[in-house]
Amino acid sequence: MSEKVKVTIDGITVEVEPGTSILNAARQIGGDIVPPAMCYYSKLEGSGGKCRTCLVKVSKGSEKDPRPMPKLVASCRTGVMDGMEVENITSPEVIEARKGVVEMLLINHPLDCPICDQAGECHLQDLSYEHGVEKTRYEFERRTFDKIDIGDKIQLHMTRCILCYRCVYVADQITNNRVHGVLGRGDASEISTYIEKAIDNDFSGNVIDVCPVGALTDRTFRFKNRVWFTKPVDAHRDCPTCKGEVTLWYKGEEVLRVTGRKDQFGEVADFICNTCRFETKKTSDWVIEGPRHIAKTSVISSNHYEMAKPLDVIKHNPILIEANKEEFERATKI
Amino acid sequence: MARKLLLEHINVPGIHTFDVYRQKGGYRSVEKALKTMSTDDVVEEVKKSGLRGRGGAGFPTGMKWSFLAKPEGKARYLVCNADESEPGTFKDRHLMTYLPHLLIEGMIVSSYALGAATSFIYVRGEMMPQIRILEKAIAEAKNAGFLGKNILGSGYDLELHVQPGGGAYICGEETALIESLEGKRGNPRIKPPFPAISGLYGCPTVVNNVESIAAVVPIINDGGDEYAKIGIGRSTGTKLISASGNLNKPGIYEIDLGLPVEEFIYSDEYCGGIANGKRLKAVVAGGSSVPILPANLILKTLTGESRLMSYESLAEGGFQSGSMMGSGGFIAFDEDQCIVRNTWNFSRFYHHESCGQCSPCREGTGWMEKVLHRLEYGHGKMSDLDLLVDVSKKIEGNTICPLGDAAAWPVASAIRHFRDEFEWHVTNPSDALNRNYGIANYADPLPKLEEIS
């Protein structure tokens with residue numbers, strides 16, 4: 001066991017294992033100082049470094065070599081050194097650069113949030129609220145693509161894609177036979193399958209979970225509902241292919257969709273198989289564990305469990321009844 | 001006439017063949033290095049010479065070599081970067097076409113110094129004739145016992161391979177080149193780790209430009225100290241300059257670093273002045289990615305000293321009034337050239353060549369190109385100028401590889417130095433389509449510093 005190294009991010013010191021990235025060190029501290037990450041995904045090896053939203057300033061390299069780094073660095077791919085001092089939200093330079101990156105990400109994004117299934121849980125949406133400007137300076141035609149169905153369960157809408165490459169890494173690592181990747185170059189590059197070949201793999205549905213925007217969407221959930229009208233409930237089942245631990249999204253009595261359990265950084269705890277995701281959408285398929293904790297700041301938590309007409313699933317589950325009461329009280333207080 | 005180190009025998013008929021090259025003293029450095037020097041001696045000699053990378057960044061080659069990690073049981077690789085595709089630079093192609101054995105000789109000595117048993121020359125895919133020339137030359141060298149097993153009885157083995165490039169400018173970036181060489185999509189890697197630690201196939205790798213490797217030959221032949229005597233300050237040795245544009249005698253010139261820019265442009269020994277008796281308006285001193293400078297600033301620095309062809313002197317004044325040595329692609333513009341159009345052209349190139357991996361470069365290069373296109377074709381607005389500067393700032397320094405910087409600098413510098421011309425394009429759109437802005441005051445002598453203050 002090697003010794004832990006000390007790193008200071010925005011004035012907060014934390015001790016982490018050597019080799020940890022700045023981003024992960026910041027996540028251990030938590031709160032506002034965590035740089036946003038659109039392309040980095042801790043479960044996907046090799047991801048990160050591409051979107052440049054997690055840029056931070058290293059004002060002191062390390063105890064041994066205190067020189068600051070000359071350029072802003074991608075915190076997701078830069079390892080910490082002992083005594084490193086990092087500035088994230090305390091540095092105007094970083095905020096300015098991040099604004100620039102968000103603007104770049106948005107110039108070719110259709111901003112069709114009102115009709116996008118991802119709205120409400122979209123990282124780009126969060127990012128543009130935090131760092132974007134209200135008006136675009138881009139006065140040219142935006143890049144558009146036709147929608148492509150990758151198999152009968154997943155739809156690829158390249159127009160919304162920010163080319164984070166996460167789905168490519170999923171295809172590389174979760175599935176054993178990769179059939180999609182990046183074609184083209186520069187702003188003409190696109191995620192695509194080889195001649196629209198269907199992705200045929202038990203775990204292909206995970207590309208939907210890792211997509212930070214609405215480029216890869218669940219066709220079984222498409223246009224069914226807004227995410228903030230649905231109730232997330234943790235559940236599990238005995239699944240032969242995956243761990244079977246998922247989040248069910250209820251609307252009324254119906255399970256509208258099934259996803260992996262996403263943490264506060266939008267990363268799933270475990271990848272789930274396509275059977276769990278697409279095929280088992282009845283309450284009777286699942287053992288309910290309790291309500292999924294959603295950050296209070298999220299638009300999803302604005303929808304409380306209805307007290308007047310509780311769902312069947314809530315009426316029969318003591319944990320959910322309890323959670324429902326608490327949430328109802330909190331909501332009525334507000 | 002300065003002494004030529006690289007191009008000394010370029011006009012000898014048949015110099016591309018092994019026999020003629022050997023007669024003219026070729027492969028002496030291999031004999032010297034393998035028989036009389038240890039690997040550390042060679043590295044030390046290159047360090048002493050002060051040779052700086054000729055590909056653009058100007059990083060000291062000896063230093064780069066000494067950074068190479070040497071873990072037990074892992075292969076080490078030397079890769080020669082011959083993916084020369086910067087607009088305005090064509091020196092490596094010239095060298096490979098006429099003096100393939102010089103490069104191979106340099107590769108053998110450099111590989112020996114680094115302890116590499118397999119080395120690669122990654123040649124731009126479009127340079128098919130050069131690939132054939134190199135392959136033929138390698139076969140000849142192998143035949144003569146300078147490659148393969150137990151070279152010259154020294155016990156040192158070396159295999160040299162030529163790899164045709166992937167057809168993209170970005171493959172000239174060292175990590176993208178390594179990816180491409182491994183058979184993957186040529187996307188630059190995220191650094192660290194640097195190639196010196198983990199490069200080709202995860203092994204320590206050194207990537208050097210063609211000219212840097214060729215320059216190792218005279219360094220070993222004559223000694224590093226002798227080489228360091230040529231040049232000025234930390235810019236030692238000779239440099240190949242690809243001169244193009246509106247010059248009387250465009251072409252490849254081997255100059256001693258430290259030659260005044262004025263002499264280079266106007267002396268009959270070099271470019272012989274501006275073609276058709278016109279006046280010089282602007283110069284891009286080191287290939288398309290370096291900042292463009294107006295005539296008055298390229299000839300004299302702000303302090304009134306004449307500017308020299310050296311890494312330091314060209315960079316004097318920073319980005320405000322200086323440029324860079326770059327890869328030595330010297331492009332001269334006469335009074336009839338349109339800077340807006342040229343900037344758009346460069347920016348179109350970077351838009352086309354951006355790999356699309358990181359957001360600022362992928363989106364920003366296209367954006368700049370579109371705005372510049374609009375300006376050039378008379379639909380521009382005054383606010384576009386500040387927009388361009390702002391976008392270029394948002395790209396610069398925020399990208400994975402230097403392509404973002406390379407795309408941002410020409411635009412930012414063109415607007416900094418030629419703002420009048422850009423504004424004229426906005427205010428006189430119909431004129432801008434029919435005639436050029438002309439030389440204006442870009443060639444006027446610089447005001448004295450005390451006059452400004």
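To find a chain, count down the sequence lines: A is the first, B the second, and so on, and within it residues start at 1. Bear in mind the structure is a predicted one, so any value in this text is a computation, not a measurement. Note that these values count all heavy atoms, side chains included, but never hydrogens, waters or copies made by symmetry.
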A.B. asks: Which atoms of B:T399 are under 4.5 Å from chain A, going by heavy atoms: the side chain, the backbone, both sets, or neither?
C.D. replies: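 Contact with chain A involves the backbone of B:T399 alone.
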A.B. asks: Listed by residue number, which members of residues 55-76 of chain A have a heavy atom under 4.5 Å from any heavy atom of chain B?
C.D. replies: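 A:L55, A:K71, A:L72 fall under the 4.5 Å cut-off.
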A.B. asks: With side-chain contact (heavy atoms from CB on, under 4.5 Å) as the criterion, how do A:V182 and A:Y165 come out once you've worked through the C-alpha distance, each side chain's angles and the decisive distance to 0.1 Å?
C.D. replies: CA-CA 8 Å; A:V182 177; A:Y165 283 56; 3.7 Å; yes
A.B. asks: Among A:A188, A:G186, A:S189, single out the residue with the greatest number of heavy-atom pairs under 4.5 Å to chain B.
C.D. replies: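 Most heavy-atom pairs within the cutoff with chain B belong to A:G186.
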A.B. asks: Between A:V80 and A:A25, which heavy-atom pair has the shortest distance, and what is it?
C.D. replies: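 Reported closest heavy-atom pair: CG1-CB, 4.2 Å.
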A.B. asks: Heavy-atom pairs under 4.5 Å with chain B: which of A:T78, A:V101, A:L163 has the most?
C.D. replies: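 When all of A:T78, A:V101, A:L163 are compared, A:L163 has the most.
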A.B. asks: Need one label for A:E141: side chain, backbone, both or neither, based on atoms under 4.5 Å from any heavy atom in chain B.
C.D. replies: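 A:E141 touches chain B through backbone heavy atoms alone.
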A.B. asks: Any chance you could lay out the salt bridge (charged side-chain N to carboxylate O under 4.0 Å, His left out) test for A:R137 and B:D386, step after step, and finish with the verdict?
C.D. replies: CA-CA 11 Å; A:R137 296 188 289 170; B:D386 291 328; over 6 Å; no
A.B. asks: Can you tell which part of A:I107 gets under 4.5 Å to a heavy atom of chain B, answering side chain, backbone, both or neither?
C.D. replies: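 The side chain, not the backbone.
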A.B. asks: Do you know the tightest heavy-atom contact between B:S354 and B:L403?
C.D. replies: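 Smallest heavy-atom distance, with atoms named: CA-CD2, 4.0 Å.
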A.B. asks: Where does A:E103 contact chain B at under 4.5 Å (heavy atoms): side chain, backbone, both or neither?
C.D. replies: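 Only the side chain of A:E103 comes within 4.5 Å of chain B.
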A.B. asks: Search all heavy atoms of B:E376 against all heavy atoms of B:L433 and return the closest pair with its distance.
C.D. replies: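 Between these two residues, the closest heavy atoms are O-CD2, 3.9 Å.
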A.B. asks: Looking at B:R362, B:K394, B:E353, which one has more heavy-atom pairs under 4.5 Å with chain A than the rest?
C.D. replies: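 Counting heavy-atom pairs under 4.5 Å, the top option is B:R362.
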A.B. asks: Looking at B:Y311, I'd like to know if the NZ or CZ of B:R234 sits under 6.0 Å from its six-membered ring centre while staying within 45 degrees of the ring's axis.
C.D. replies: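 Not flagged: B:R234 not positioned over aromatic ring of B:Y311.
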A.B. asks: Take a 6.0 Å sphere around NZ of B:K370 and say whether it holds more than 12 heavy atoms from other residues, nucleotides or ligands.
C.D. replies: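 Yes, the 6.0 Å shell around NZ holds more than 12 heavy atoms from other groups.
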A.B. asks: Is there side-chain contact between A:L216 and A:C167, with at least one heavy-atom pair below 4.5 Å?
C.D. replies: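 In contact.
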A.B. asks: Out of B:T365, B:V371, B:I395, B:V391, which one racks up the most heavy-atom pairs below 4.5 Å with chain A?
C.D. replies: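 Most pairs with chain A among the choices: B:V371.
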A.B. asks: Parallel, tilted or perpendicular: which fits the ring planes of B:F319 and B:W409, with parallel below 30° and perpendicular above 60°?
C.D. replies: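 Tilted, since the angle between the ring planes falls between 30° and 60°.
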A.B. asks: Under 4.5 Å between any side-chain heavy atoms of A:V7 and A:T20, yes or no?
C.D. replies: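 Result no, sub-4.5 Å side-chain heavy-atom pair not found.
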A.B. asks: Considering only heavy atoms, give the residues of residues 40-47 of chain A separated from chain B by less than 4.5 Å, sorted numerically, with 'none' for an empty result.
C.D. replies: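 Residues in range: none.
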A.B. asks: Determine, step by step, whether A:R143 and A:D187 satisfy the salt bridge (charged side-chain N to carboxylate O under 4.0 Å, His left out) criterion, reporting the C-alpha distance in whole Å, the side-chain angles of both residues, the deciding distance to 0.1 Å, and the verdict.
C.D. replies: CA-CA 8 Å; A:R143 176 176 69 218; A:D187 60 4; 5.1 Å; no
A.B. asks: What's the shortest heavy-atom distance between A:G49 and B:I190, and which atoms?
C.D. replies: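 Minimum heavy-atom contact is CA-CD1, 3.8 Å.
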A.B. asks: Could you label the plane-to-plane angle of the B:F67 and B:F59 rings as parallel, tilted or perpendicular, counting under 30° as parallel and over 60° as perpendicular?
C.D. replies: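 Rings of B:F67 and B:F59: tilted, 30 to 60°.
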